[in-house]
Number of protein chains: 2
Amino acid sequence: MQTSVAISPPGKLKIIDALRTLLEERTFESLTISDIAVAAGVTEGLIYKYFKGKRDILHHVLKEHYDHFLVQIDRDLQGIDGALNKLRKIIWSSIERYANHRVFARIILLEVRNSEEYFHSEAYELVRQFNRILLDIIKEGIASGEIRDNIPPAYIRNAIFGTIEHSCLNRAIFNEPVSTNDAARIITELLLNGIKR
Amino acid sequence: MQTSVAISPPGKLKIIDALRTLLEERTFESLTISDIAVAAGVTEGLIYKYFKGKRDILHHVLKEHYDHFLVQIDRDLQGIDGALNKLRKIIWSSIERYANHRVFARIILLEVRNSEEYFHSEAYELVRQFNRILLDIIKEGIASGEIRDNIPPAYIRNAIFGTIEHSCLNRAIFNEPVSTNDAARIITELLLNGIKR
DNA sequence: ACAAATAAGTGAATATCATTTACCATGGAA
DNA sequence: TTCCATGGTAAATGATATTCACTTATTTGT
């Protein structure tokens with residue numbers, strides 16, 4: 001054993017990269033294992049050396065994306081003070097991610113939800129992790145008095161997450177453009193102050 | 001021609017009913033055409049007389065559910081005055097639907113999103129219709145001054161829809177219980193007045 | 001009432017893929 | 001050198017969605 005951290009073999013990375021590239025043009029369902037193997041320059045058999053099945057490759061593509069996302073989020077939050085300011089930033093960063101990484105958006109909003117395995121995958125574990133970050137900020141805001149304390153934090157998180165995802169859905173499905181700055185400003189304003197006049 | 005309205009042949013209904021029943025216990029993906037045919041008491045070939053493919057059956061199950069839902073929503077809104085009161089009611093009705101009709105919730109939140117065809121199906125047309133109803137209420141509220149006019153109606157709709165769906169997602173995935181009344185009260189309060197203290 | 005046409009229904013054949021399996025090559029480690 | 005782990009191959013298998021040629025029932029026009 002050379003290092004304690006497992007380093008991915010080149011074949012595995014080629015497969016993940018190939019799928020990510022293919023997903024820019026085509027839907028996951030429409031792709032065959034053979035398509036992915038050809039694009040990766042490997043044989044179909046090798047795929048099953050590294051992945052449990054077709055779905056598993058997709059989960060790894062998502063995991064890679066989400067890894068980058070979490071690193072970025074972490075960085076984005078550095079130096080920001082106050083729960084509300086952090087929420088503003090996190091809303092902006094999330095929308096930016098969905099708007100500028102269409103493959104990521106399509107995978108997480110459309111392609112993975114229909115399989116049980118996803119909810120037990122490493123990728124979904126990262127989603128939970130993000131959820132926890134969001135939840136902690138909300139709790140911090142309640143503790144500091146910035147956020148009202150008569151709404152359960154989980155509901156606030158669901159509202160933020162749900163609003164963002166739903167707002168980016170049409171973009172993912174029909175490729176309708178989204179202006180990150182506009183969307184972030186509007187959604188933040190809406191969630192912080194409500195819709196009542 | 002007896003009537004101007006096409007009446008579904010019994011075979012077709014049996015197939016839709018069979019799938020709906022099967023979905024109470026199993027996930028769509030895990031079901032084969034043969035499973036559905038056996039449960040419906042028809043042969044596999046017949047299914048392709050009535051449906052374009054496996055997916056198409058699912059879309060018809062959803063369409064049936066959504067038809068009922070829209071009728072119910074229409075009834076629920078009768079006699080209610082004021083955009084905010086209507087929104088309150090529509091939020092409650094939606095949550096009630098997701099909470100008490102688990103098959104419906106699973107289909108719409110998890111099972112259909114991953115196919116292009118869905119977004120061109122009759123079922124999705126009904127979703128659009130519901131969207132329009134919601135949008136009209138929001139516009140009515142803006143016109144009457146009940147709802148603030150500095151947020152585009154589509155964002156308000158996305159927030160309502162997204163928050164509800166996300167709040168019901170864990171229920172659909174992990175079968176976690178949801179109290180309709182509590183959820184409706186909290187979500188309404190949150191969306192109307194925002195999360196800022 | 002009766003032929004013609006249309007719809008409902010059958011079940012075996014087909015085709016598409018995801019997945020498995022048996023096998024080859026190579027490069028350390030003992 | 002031998003052994004074994006790892007990366008890789010290619011053909012076989014198996015599951016299953018879909019098609020097709022066919023039969024049976026049901027309307028419909030005359």
Side-chain angles (χ1 to χ4, degrees), chain A residues 1-20 22-23 25-62 107 111-112 114-118 120-121, chain B residues 1-20 22-23 25-62 107 111-112 114-118 120-121:
Chain A
M1 183 77 80
Q2 272 214 342
T3 77
S4 63
V5 176
I7 190 92
S8 291
K12 185 169 184 178
L13 288 180
K14 277 197 291 180
I15 293 163
I16 293 175
D17 287 352
L19 177 55
R20 191 188 32 247
L22 286 170
L23 285 174
E25 298 295 334
R26 301 175 53 188
T27 159
F28 178 68
E29 276 239 322
S30 78
L31 293 170
T32 70
I33 287 288
S34 167
D35 288 335
I36 299 168
V38 168
V42 302
T43 55
E44 304 174 34
L46 187 63
I47 290 179
Y48 290 86
K49 284 278 154 66
Y50 296 124
F51 302 97
K52 289 199 279 277
K54 191 187 166 191
R55 273 268 158 51
D56 196 33
I57 317 171
L58 183 65
H59 297 159
H60 275 80
V61 174
L62 178 57
I107 295 177
E111 316 260 37
V112 288
N114 64 318
S115 82
E116 302 270 314
E117 307 133 64
Y118 166 61
H120 300 99
S121 72
Chain B
M1 181 80 81
Q2 271 215 341
T3 79
S4 63
V5 175
I7 190 95
S8 291
K12 185 168 184 179
L13 289 181
K14 277 196 290 181
I15 294 163
I16 293 174
D17 287 352
L19 177 55
R20 190 187 35 244
L22 286 171
L23 285 174
E25 298 297 334
R26 300 174 55 188
T27 157
F28 178 67
E29 276 238 322
S30 78
L31 293 170
T32 71
I33 288 288
S34 167
D35 289 334
I36 300 168
V38 169
V42 302
T43 55
E44 303 175 32
L46 186 63
I47 288 179
Y48 290 87
K49 285 277 154 67
Y50 296 124
F51 301 98
K52 289 200 277 275
K54 192 186 165 193
R55 272 267 155 50
D56 196 32
I57 319 172
L58 183 65
H59 297 159
H60 276 80
V61 174
L62 178 57
I107 295 177
E111 317 260 38
V112 289
N114 63 317
S115 82
E116 301 271 310
E117 307 133 64
Y118 166 61
H120 300 101
S121 72

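Note on naming: letters A, B, ... go to the chains in the order of the sequence lines (proteins, then strands), and numbering restarts at 1 for each one.
- Atoms CZ and CD, from A:Arg55 and B:Glu29 in turn, are 4.0 Å apart once rounded to the nearest 0.5 Å.
- As judged by a 4.0 angstrom heavy-atom cut-off over every strand, A:Leu31 is placed among residues touching the sugar-phosphate backbone only.
- Across all non-hydrogen atoms, the minimal contact from A:Gly41 to A:Lys14 is O-NZ, 4.2 Å.
- With sequence neighbours left out, B:Thr27 forms a side-chain hydrogen bond (donor to acceptor under 3.5 Å, both in side chains) with no residue at all.
- Nearest nucleotide to the A:Tyr50 side chain, out of C:dA18, D:dG7, D:dA17: D:dG7.
- As rounded to whole Å, 19 Å separates atom P of C:dT16 from atom NZ of B:Lys54.
- Residue B:Lys14 contributes atom NZ, which lies 12 Å from atom P of C:dA8 at whole-angstrom precision.
- Between the CG atom in A:Leu19 and the CZ atom in A:Arg26 there is a gap of 11.0 Å [rounded to 0.5 Å].
- Evaluation of the salt bridge (Lys or Arg N to Asp or Glu O under 4.0 Å) test over residues 40-50 of chain B, restricted to residues two or more places apart or in two chains, returns none.
- In this structure, B:Phe51 atom CZ and D:dT19 atom P are separated by 15 Å, rounded to whole Å.
- When rounded to the nearest whole Å, the span between CD1 of B:Ile33 and C1' of C:dT14 equals 16 Å.
- The OH atom of B:Tyr48 sits 17 Å away from the P atom of C:dG9 (whole-angstrom rounding).
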Taking only nitrogen or oxygen atoms into account, show me every contact under 3.5 Å that the protein makes with nucleotides 9-14 of chain D, one pair per line with its distance.
{"from": "D:dT9", "atom 1": "OP2", "to": "A:Thr43", "atom 2": "N", "distance (Å)": "3.3"}
{"from": "D:dT9", "atom 1": "OP2", "to": "A:Thr43", "atom 2": "OG1", "distance (Å)": "3.3"}

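- Here CD1 of B:Ile107 is found 5.0 Å from CG of B:Leu23. Values are rounded to the nearest 0.5 Å.
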